[in-house]
Amino acid sequence: MANRSTTVDRRARIEEMRRAEQARERRNRFLTIGISAVVVLGLVGFGGWVINKENTKQEQQETAAKAPIEGEKSWDAKKLGRNHVQTPVKYDMNPPVGGDHNPVWQNCNGDVYDKPVNDTNAVHSLEHGAVWVTYNKKAVAADLEKLKAKVKKTPYSLMSPVDNQSGAIMLSAWGKQVTVDGADDPRVNAFFTKYVSGPQTPEPGAACTGGIGAGGQGGAGMGQ
């Protein structure tokens, strides 16, 4: 009888252990499913947040592109000459925002120049849709560093000194120009958003490389 009782007890313990193991497996399975669901929901939520953020950013950019820029000056693009000339040109504004220009453009693929560039080459860059950031000796060094960083990461932009311009920092596009207070002036981003390859561009899609680089080197591209 004792042996039979021991056998029964052992089987009972084994069965109890089996049921406990099955219960643990069910709990683990439910836990795994729950965690997976939370992760999936989290990813979906994060993805939705990213999409919403990008949509908001795009909407803000579109709004900025439509809004007028305070203090901006405009010239009739149709009255700005677009002839290619090899001789110096006397422009009605400084820096120039359009007019007859050199057959070769100034490289404007995020190019920063420490020395003045030829106006007639830079105007050709504006014709291709570039924004030209210029400054004189009154500009604050910290502002210039921020603007250089912005230009370097922005295709269809260039930056150079223009010592005799009226404002410390000025932004120019074809037929458009504004003087800003510094690199953090909100008009900087607004101007870039609106005019880098913007609707004012006479030759959208034209090159900003293959022209004149630092020191007047290059100039393979001509006639566009």
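- Using a distance-only test at 3.5 Å, with no hydrogens or angles considered, a donor-acceptor pair links the side chain of Tyr91 to the main chain of Asp100.
- Both Val188 and Val196 belong to a common hydrophobic cluster when Ile, Leu, Val, Met, Phe, Trp and Tyr are linked at side-chain heavy-atom distances under 4.5 angstrom.
- Between His124 and His101, the two ring planes are tilted [angle within 30° to 60°].
- Within 6.0 Å of the CG atom in Asp92, the count of heavy atoms belonging to other residues, nucleotides or ligands does not exceed 12.
- Of the possible donor and acceptor atoms, one in the side chain of Gln106 sits under 3.5 Å from a partner among the backbone N and O of Ile212.
- What you find for Pro161 and Asp114 is that their closest heavy atoms are CG-O, 3.5 Å.
- Note: the hydrophobic cluster containing Met170 does not contain Tyr113 (ILVMFWY, side chain heavy atoms under 4.5 Å, direct or indirect links).
- Annotation: side chain to side chain donor-acceptor pair (under 3.5 Å) contacts of Ser160 (sequence neighbours excluded): Trp132.
- Contact record, Leu126 with Ser172: CD2-O, 3.8 Å, taken as the closest heavy-atom pair.
- A donor-acceptor pair under 3.5 Å links the side-chain atoms of Gln200 to the main chain of Tyr195, judged by distance alone.
- Electrostatic pairing of Glu70 and Arg187 does not count as a salt bridge here, judged by no charged N lying under 4.0 Å from a carboxylate O.
- For the residue pair Thr209 and Asn109, the shortest heavy atom distance occurs at CG2-CB, 3.6 Å.
- A cation-pi contact, defined as under 6.0 Å to the ring centre and within 45° of the axis, is absent between Lys176 and Phe191.
- If you chain together hydrophobic residues whose side chains sit under 4.5 Å apart, Val151 and Val180 fall into the same group.
- Looking only at atom types and distance, the side chain of Asn118 has no donor-acceptor partner in the side chain of Asn102 under 3.5 Å away.
- Closest approach of Phe192 and Ser157 over heavy atoms only: CE2-CB, 4.0 Å.
- Of all the heavy atoms in Val162 and Pro95, the pair that sits closest is CG2-CG, 4.3 Å.
- Each disulfide bond (SG atoms under 2.5 Å apart) pair with one or both residues in residues 88-138, not counting sequence neighbours, appears once here: Cys108-Cys208.
- Using a distance-only test at 3.5 Å, with no hydrogens or angles considered, no donor-acceptor pair links the side chain of Asn121 to the main chain of Asp119.
- Taking OG1 of Thr201 as the reference point, atom CH2 of Trp174 lies at 10.5 Å (rounded to 0.5 Å).
- Lys152 contributes atom NZ, which lies 7.0 Å from atom NZ of Lys148 (distance to the nearest 0.5 angstrom).
- For the atom pair CE of Met159 and CG of Leu147, the computed distance is 5.0 Å after rounding to the nearest 0.5 Å.
- The backbone N or O of Gly211 sits less than 3.5 Å from a side-chain atom of Asn107, completing a donor-acceptor pair.
- Here Ile169 contributes atom CD1 and Leu144 contributes atom CG; the two are 5.5 Å apart, rounded to the nearest 0.5 Å.
- Scanning both residues, Gln165 and Asn136, for their nearest heavy atoms gives O-ND2, 3.2 Å.
- Tyr135 and Val131 fall within a single hydrophobic cluster, where Ile, Leu, Val, Met, Phe, Trp and Tyr side chains are chained together by heavy-atom contacts under 4.5 Å.
- Note that NZ of Lys73 is 7.0 Å distant from CD of Gln177, once rounded to the nearest 0.5 Å.
- Hydrophobic clustering of Ile, Leu, Val, Met, Phe, Trp and Tyr side chains at less than 4.5 Å, counting indirect connections, keeps Val133 apart from Met93.
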